[in-house]
Amino acid sequence: MSQSVTEVARAGRWGAIGVLVFWCAWEAVAFFTGKDAVLPGPRVVLWEFQHGFFGDRGLEYLGIRHSDYPVNLAWTLGTAAVAWLIGSALGIVAGLKAARRQWLRDVTEPVLFVFGAVPVLVAAPLFLVWFGAGPLSKLLLVAFYCFVVVGVVAQSAALNIPPTAEEYAATLGLDSKARFRAVVLPAAFPPIVAVLRLALATGISLEVSAELLGSRVGIGRLIAVRAQQGNVAAVLALAITVGLVALVLDLVIRAATRPALRWQG
Amino acid sequence: MNAFEIRGLTVQYQPGITPLKNLDLDVPNGQFLCVLGPSGQGKSTLLRCLAGLLVPTEGVIRAQGKPVEGPDASRGMVFQQDAIPGWLRVRDNVALGSRSTDEQVAHFIRAVGLEGREKDWPRQLSGGMRKRVAIAAVFANDPDILLMDEPFSSLDHLTRTGLHETVLQLWEETGKTIVFVTHDVDEAITLADRIVIVGRGGVRADVPVTFPRPRGENLRMDVDANLLRAALLESLK
């Protein structure tokens, strides 16, 4: 316990040093560039964050009903989180099932790899055309991405389990379901947690990108509006806010899954 | 009744690769049988067939009079590789089997010398200790027959000697049938009361070992043991 606290404190200290170095470097580059409109310094971005956090009445004239950060963040992250949950859950089930059934693998692999390789800049407009500019298109896009990525990794994790692990359990009298619970699931869990973290971060970024292309609400929509206004500081403030929230969510996942991964040391 | 009756056992992986061909063998209950043979001569293949992990191309295997149709708790197996789940603590590993009870788990953890390490993760144990966990798990599951596939081949001499003593103690205590695969002649002479040499598809030699126990280092100076060692090495050629 005390060792993990020490490790967290050490990581936190190095993280703080990293942020400080980045802040100073950014401030220096912004100072020497001297153009706030092109590259505002961190203090300008912070000022924009503070003044835009609870909304900008000026944006109401542009038809933005909710310009505050909390509502837009909640919308973006809520949609991304629901899509991540649905897509990842289906991906884990499908990946683990496919690992145990050759025919299912043969059927799904080519389809998943082909559609999984479609660039998001191609897929996102298609989803908008098919399912409209509302939340459904973004939800389906992020869920599909999470399904493919998590499914492929879950399948590969289950396939990489040494055969002796399951054979050993079989000779101890564990039936197929018990072996799945006692061997396959725990053995595949570490890579699945890693891909869940990746899928969440990328899912949020996909959601924001899809909102950039067409949405009535969300951080992506705000970024699009601010970009049209040429307000680089506001765009950076919004982007950094999304990044920080994604970082916090990642820490939450890591903390929640740490007890189940303690065996790895 | 025999622990195993094997009739006409043939395993062909592909044309030209037939490690076992028409092999017949009976293993009486309670016997400590060592299967000896050079690498690639079908020792592990035979053991996998006995465990039900490999379906033979031809032939019949009966365990306690019933045909072997797949792996089950009546035939426990200790593998050459580390097979114990790394995500289970020592106690949970020993309790993994479908037949194990709390009393048996506690007893066999003590018997293999892991008392006090129940809450350790496998990564915190040495290779020899992990083998002890696997042995305790198999015994705690109360199988009729134990199958051991070169379980100590990757361990150093001292650790291996300690594990030989542990396995022999448990065998004498429980009276289980053990089929132990090895390529080490000395290990076979130390452990077995019968040695079968497998090679060229079948049984090349079937030798009773009648030296009094405990054997261990005493046998190195024993003339009869050295004669047996020489005969076994000759048969292995």
Side-chain angles (χ1 to χ4, degrees), chain A residues 1-4 6-7 92 95-96 99-102 153-154 156-197 253-265, chain B residues 44 47-48 50-54 63 68-90 92-100 105 119-125 130-131 133-151:
Chain A
M1 181 66 186
S2 61
Q3 191 185 354
S4 60
T6 313
E7 280 171 13
I92 290 171
L96 294 179
R100 295 175 84 77
R101 289 174 181 80
Q102 179 72 47
V153 171
S156 138
L159 286 173
N160 283 332
I161 298 169
T164 45
E166 229 185 310
E167 288 175 350
Y168 170 70
T171 59
L172 286 174
L174 275 69
D175 62 20
S176 179
K177 279 184 186 169
R179 290 201 299 274
F180 184 78
R181 277 196 307 271
V183 177
V184 178
L185 215 47
F189 193 62
I192 288 177
V193 168
V195 77
L196 283 176
R197 291 172 55 196
I253 295 178
R254 283 172 68 176
T257 54
R258 188 169 291 137
L261 297 174
R262 240 179 333 179
W263 60 272
Q264 292 189 306
Chain B
S44 294
L47 212 65
R48 291 178 65 78
L50 298 181
L53 295 170
L54 184 67
V68 171
E69 289 170 343
D72 65 48
S74 68
R75 296 179 309 282
M77 185 152 169
V78 180
F79 289 81
Q80 185 177 2
Q81 306 92 330
D82 252 348
I84 61 167
W87 46 90
L88 295 178
R89 294 178 191 271
V90 167
D92 298 328
N93 249 304
V94 178
L96 182 62
S98 60
R99 289 175 170 186
S100 56
V105 168
K119 290 185 176 173
D120 283 2
W121 299 106
R123 70 176 158 82
Q124 296 171 305
L125 306 176
R130 286 198 292 274
K131 283 293 175 214
V133 173
I135 291 166
V138 172
F139 271 102
N141 201 39
D142 195 24
D144 302 325
I145 302 158
L146 261 90
L147 307 167
M148 305 181 90
D149 186 8
E150 301 190 40

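Letters go in sequence order (proteins before strands), and every chain restarts at 1.
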Asks: Counting C-beta onward and ignoring hydrogens, is there a side-chain heavy-atom pair between B/Leu50 and B/Arg75 closer than 4.5 Å?
Replies: no
Asks: Contact part of B/Ala140 toward chain A, heavy-atom cut-off under 4.5 Å: side chain, backbone, both or neither?
Replies: neither
Asks: Can you tell me which of B/Gly70, B/Ala73, B/Gly76 forms the most heavy-atom pairs within a distance under 4.5 Å of chain A?
Replies: B/Ala73
Asks: Please state whether the side chain, the backbone, both or neither of A/Ala178 comes within less than 4.5 Å of a heavy atom of chain B.
Replies: neither
Asks: Taking the side chain as everything from C-beta on, heavy atoms only, tell me whether A/Tyr168 gets closer than 4.5 Å to A/Val183.
Replies: no
Asks: For B/Ile84, is it the side chain, the backbone, both or neither that has a heavy atom under 4.5 Å from a heavy atom of chain A?
Replies: both
Asks: Quick one, A/Ile161 and A/Glu166 - any side-chain contact, counting heavy atoms below 4.5 Å?
Replies: no
Asks: Non-hydrogen atoms of chain A under 4.5 Å away: do they reach the side chain of B/Arg123, the backbone, both or neither?
Replies: side chain
Asks: In terms of heavy-atom pairs under 4.5 Å with chain B, which of A/Asp175, A/Leu172, A/Leu261, A/Thr164 leads?
Replies: A/Leu172
Asks: Using a 6.0 Å cut-off, check whether atom CZ of A/Arg254 has over 12 heavy atoms from anything other than its own residue.
Replies: no
Asks: Please classify the contact of B/Asn141 with chain A as side chain, backbone, both or neither, using a heavy-atom distance under 4.5 Å.
Replies: side chain
Asks: Any side-chain heavy-atom pair from B/Met148 and B/Ile135 closer than 4.5 angstrom?
Replies: yes
Asks: Using a 4.5 Å cut-off on heavy atoms from C-beta on, say whether the side chain of B/Val138 contacts that of B/Pro143.
Replies: yes
Asks: Under 4.5 Å heavy-atom distance to chain A, tell me which part of B/Leu53 shows up: side chain, backbone, both or neither.
Replies: side chain
